[in-house]
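All residue numbers in this chain count up from 1 along the given sequence.
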Amino acid sequence: METKRKILIIEDEHDISRILRDYLIKNQYEAAVASNGQDGLKMMEMLQPDYIILDIMLPDMDGIDVCREIRRRNNIPILILSARGSDTDKVLGLGFGADDYMTKPFSLSELLARINAHFRRYDSLATAQDRTHPLRLANLEIDKRAYKVTLDGNEVSLSAKEFELLHYLASNKNQVFSKSQLLDAIWGYAAYGDENTVTVYIRRLREKIEADPSHPSVLKTVWGVGYKFNHE
């Protein structure tokens, strides 16, 4: 019997967490609920979930601080829920390591589509790993088997989505991709996603691999089109 994937919901609004839990269970996931940040962190260590849905407004901790602490400990994918819909909040949330963001009120079917898209992408990458050799481009090595990146021989700490985006661009060096294409390729859903997510991830990657992130030489912007991995 196939093992069901586990999703942890960190949400203090009981009605929302109950609806989410029941909907995910109905759609063949295991689901558990924590009603505050401290309990969420404890349950994460205990349950080792495959995915976390995190409310940004919690009674004991700011959801951003919870997100940052989760990311410090591991690379579990995080989707942030928030009643605050400004671009500033989106950039802030993603900047601390969230993989996705949805604003309340939200569609359950859209949420499920995003979760399913993540796992389809993950399974596809896992299947391809056995046939993959590390990419070596100048002073950068990208090892898909180990989800590991080294720069000048030093390991670079990346989240799962940061790694996938960098690997995808490097595997198609000098090819220009639009934000919509990258959203579809890495997150698996161009129709539902916010293209600003791609902008945030590109910025974060530049901060980690570029000698001068404000004047990038590797992850180049092609104005009016998108981004490319520049390699001569």
Side-chain angles (χ1 to χ4, degrees), residues 51 71 74-79 87 90-91 93-101 113-232:
Y51 198 93
R71 190 55 70 234
N74 56 54
N75 287 327
I76 297 171
I78 304 167
L79 183 146
D87 287 340
K90 292 182 182 181
V91 171
L94 291 169
F96 280 122
D99 295 279
D100 209 346
Y101 187 105
R114 293 189 184 206
I115 295 170
N116 289 342
H118 163 78
F119 287 122
R120 281 197 304 272
R121 176 70 183 162
Y122 178 86
D123 291 342
S124 175
L125 285 169
T127 300
Q129 282 178 2
D130 291 339
R131 304 188 300 271
T132 303
H133 299 288
L135 291 172
R136 295 181 178 88
L137 301 163
N139 60 343
L140 195 66
E141 180 173 303
I142 305 170
D143 186 346
K144 196 174 187 180
R145 287 173 180 254
Y147 261 59
K148 179 180 177 181
V149 172
T150 54
L151 180 67
D152 293 322
N154 299 310
E155 186 170 352
V156 180
S157 177
L158 299 180
S159 71
K161 280 290 184 286
E162 287 171 344
F163 178 89
E164 290 167 19
L165 178 57
L166 179 61
H167 185 272
Y168 185 78
L169 288 167
S171 298
N172 298 278
K173 57 183 182 294
N174 298 320
Q175 182 175 342
V176 181
F177 295 95
S178 68
K179 292 178 184 179
S180 177
Q181 287 173 319
L182 292 173
L183 196 63
D184 189 50
I186 305 306
W187 283 265
Y189 50 83
Y192 291 122
D194 184 343
E195 292 183 358
N196 287 332
T197 300
V198 177
T199 304
V200 172
Y201 270 77
I202 290 290
R203 175 178 58 78
R204 285 167 57 184
L205 283 171
R206 283 171 173 166
E207 290 171 352
K208 294 180 178 183
I209 70 168
E210 297 277 7
D212 182 358
S214 61
H215 298 90
S217 61
V218 179
L219 297 177
K220 302 281 284 184
T221 299
V222 180
W223 294 107
V225 184
Y227 302 102
K228 70 174 182 176
F229 187 102
N230 186 51
H231 183 69
E232 302 300 331

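A donor-acceptor distance shorter than 3.5 angstrom exists from the side chain of N230 to the backbone of S217, with no hydrogens or angles considered.
When all heavy atoms are compared, the tightest approach of W187 to T197 is CZ2-CG2, 3.6 Å. Across all their heavy atoms, L219 and I202 have their closest contact at CD1-O, 4.4 Å. In this structure, I142 and A170 approach most closely via the heavy-atom pair CD1-CB, 3.6 Å. The shortest non-hydrogen separation linking Y201 to A98 is OH-O, 2.7 Å. Closest of all the heavy-atom pairs between V218 and E210 is N-OE2, 2.9 Å. Closest approach of D99 and P77 over heavy atoms only: OD2-CA, 3.1 Å.
Qualifying side-chain hydrogen bond (donor to acceptor under 3.5 Å, both in side chains) partners for D152, counting only residues two or more places apart in sequence or in other chains: N139. Scanning for side-chain hydrogen bond (donor to acceptor under 3.5 Å, both in side chains) contacts around K173 gives an empty result, with sequence neighbours left out.
Between L182 and L169 the shortest side-chain heavy-atom distance falls below 4.5 Å. Put simply, the side chain of V156 does not reach to within 4.5 Å of the side chain of F163, judged on heavy atoms.
From E162, atom CD reaches atom OH of Y147 across 12.0 Å, with rounding to the nearest 0.5 Å. If you take CZ on F119 and OH on Y51, they are separated by 7.5 Å, rounding to the nearest 0.5 Å. The distance from the CG atom of L166 to the CD1 atom of I209 is 5.0 Å, given to the nearest 0.5 Å. Separation of atoms OG (S214) and CD (E207) is listed at 10.5 Å; rounding is to 0.5 Å. Atom NZ of K228 and atom CG of N172 lie 13.0 Å apart (nearest 0.5 Å). Note that CZ of F177 is 9.0 Å distant from CD1 of I186, once rounded to the nearest 0.5 Å.
The aromatic rings of H231 and F229 are tilted relative to each other, their planes meeting at an angle between 30° and 60°.
Applying side chain to side chain contact (heavy atoms under 4.5 Å, CB included) to L158 and the options K208, R204, H167 leaves one that passes, K208.
A side-chain N or O of T221 and one of R206 form a donor-acceptor pair less than 3.5 Å apart.
One finds a salt bridge joining K161 and E164 here, because a Lys/Arg side-chain nitrogen approaches an Asp/Glu carboxylate oxygen to under 4.0 Å.
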